[in-house]
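Below, chain A is the first sequence line, B the second, and so on; all start at residue 1.
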Amino acid sequence: MTRPSDDRAAAILAVVRSIPRGRVTTYGGVAARAGLPRQARLVGKILSGLPGNSRVPWHRVVASGGRIAFPAGSESRAKQIERLRAEGIESVRGRVDVSRHGWATPAGDLDRWLWSGGE
DNA sequence: CAAATGACGGGGT
DNA sequence: AACCCCGCCATTT
């Protein structure tokens with residue numbers, strides 16, 4: 001099966017599944033948490049392969065700066081925005097406020113958090 | 001093996 | 001903000 005190494009996919013999906021409801025993180029963030037630094041694109045690749053009925057909360061993964069990665073007008077774009085709103089995450093012009101809804105980033109201590117390596 | 005491809009990231013204009 | 005360009009990296013052509 002023409003699919004990226006299963007263990008890497010598993011690690012990535014495990015991280016995505018662990019994103020708390022009402023929180024978002026970035027592709028790069030997921031990659032880092034999965035022990036795959038600099039492989040944000042692989043995260044996108046894996047998520048793109050999820051079946052439509054998947055229960056994995058892929059909608060909690062956004063691009064850098066809180067950008068919704070899907071092109072304007074696309075079905076997935078609308079779906080993600082709708083799902084995020086359903087958990088209390090508002091998006092303005094395809095952007096979510098990461099400082100407010102970012103995963104494990106207690107607004108105000110971002111620098112210290114990054115310095116200590118997250119967690 | 002070289003070139004192209006991405007649900008990306010960062011910087012510059 | 002809107003673009004463009006380049007770096008990064010596993011996969012695919």
Side-chain angles (χ1 to χ4, degrees):
Chain A
M1 327 292 26
T2 64
R3 109 192 66 183
S5 310
D6 270 348
D7 31 332
R8 267 175 277 185
I12 288 171
L13 292 178
V15 171
V16 175
R17 272 190 303 258
S18 69
I19 303 172
R21 197 164 188 292
R23 294 290 183 68
V24 298
T25 190
T26 64
Y27 290 92
V30 171
R33 272 248 343 194
L36 302 167
R38 280 180 292 315
Q39 287 189 93
R41 301 187 90 126
L42 180 58
V43 173
K45 181 77 166 178
I46 298 302
L47 295 187
S48 73
L50 289 175
N53 53 316
S54 176
R55 207 169 83 27
V56 176
W58 55 267
H59 59 282
R60 297 180 189 146
V61 183
V62 298
S64 68
R67 268 176 36 254
I68 299 294
F70 299 104
S74 68
E75 208 39 58
S76 300
R77 166 96 164 206
K79 187 70 172 181
Q80 179 166 29
I81 291 176
E82 165 192 313
R83 285 195 179 188
L84 287 176
R85 168 153 35 212
E87 0 190 297
I89 300 175
E90 296 303 324
S91 53
V92 182
R93 281 180 13 253
R95 280 287 195 82
V96 304
D97 187 341
V98 180
S99 70
R100 261 208 329 173
H101 308 102
W103 185 23
T105 57
D109 295 320
L110 181 57
D111 285 45
R112 194 153 56 76
W113 174 74
L114 289 173
W115 192 246
S116 60
E119 287 312 317

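As judged by a 4.0 angstrom heavy-atom cut-off over every strand, Arg41(A) is placed among the base-contacting residues. Heavy atoms of Ser64(A) sit under 4.0 angstrom from primed sugar atoms or phosphate atoms, though from no base atom.
We find that CD of Gln39(A) is positioned 13 Å from C1' of dG6(B), with the value rounded to whole Å. Between the P atom of dG9(B) and the CG atom of Leu42(A) lies a distance of 13 Å, rounded to the nearest Å. What separates CZ of Arg93(A) from C1' of dA1(C) is a distance of 7 Å, to the nearest Å. If you take CG of Leu36(A) and C1' of dG6(B), they are 17 Å apart, rounded to a whole angstrom. Between Lys45(A) atom NZ and dT11(C) atom P the separation is 9 Å, expressed in whole Å. dA7(B) atom P lies 19 Å from atom NZ of Lys79(A), rounded to whole Å. Atom pair Ile12(A):CD1 and dC8(B):C1' shows a separation of 12 Å (rounding to whole Å applied). Regarding Ile46(A), its CD1 atom lies at a distance of 12 Å from the P atom of dA10(C), rounded to whole Å.
Residue Ser5(A) places at least one side-chain N or O closer than 4.0 Å to OP1 or OP2 of dT11(C).
Around CZ of Arg83(A), the count of heavy atoms belonging to other residues, nucleotides or ligands within 6.0 Å exceeds 12.
For Val96(A) against Ser91(A), the heavy-atom pair with the smallest separation is CG1-CB, 3.8 Å.
Distances from the side chain of Ala69(A) to the nucleotides dG9(B), dA7(B), dC8(C) place dA7(B) closest. Nearest to the side chain of Ser48(A), among dT11(C), dG9(B), dA7(B), sits dA7(B).
Under the 4.5 Å side-chain criterion, counting only non-hydrogen atoms from C-beta, Ile68(A) is in contact with Leu84(A).
Between the side chain of Gln80(A) and the backbone N or O of Val61(A) there is at least one donor-acceptor pair closer than 3.5 Å.
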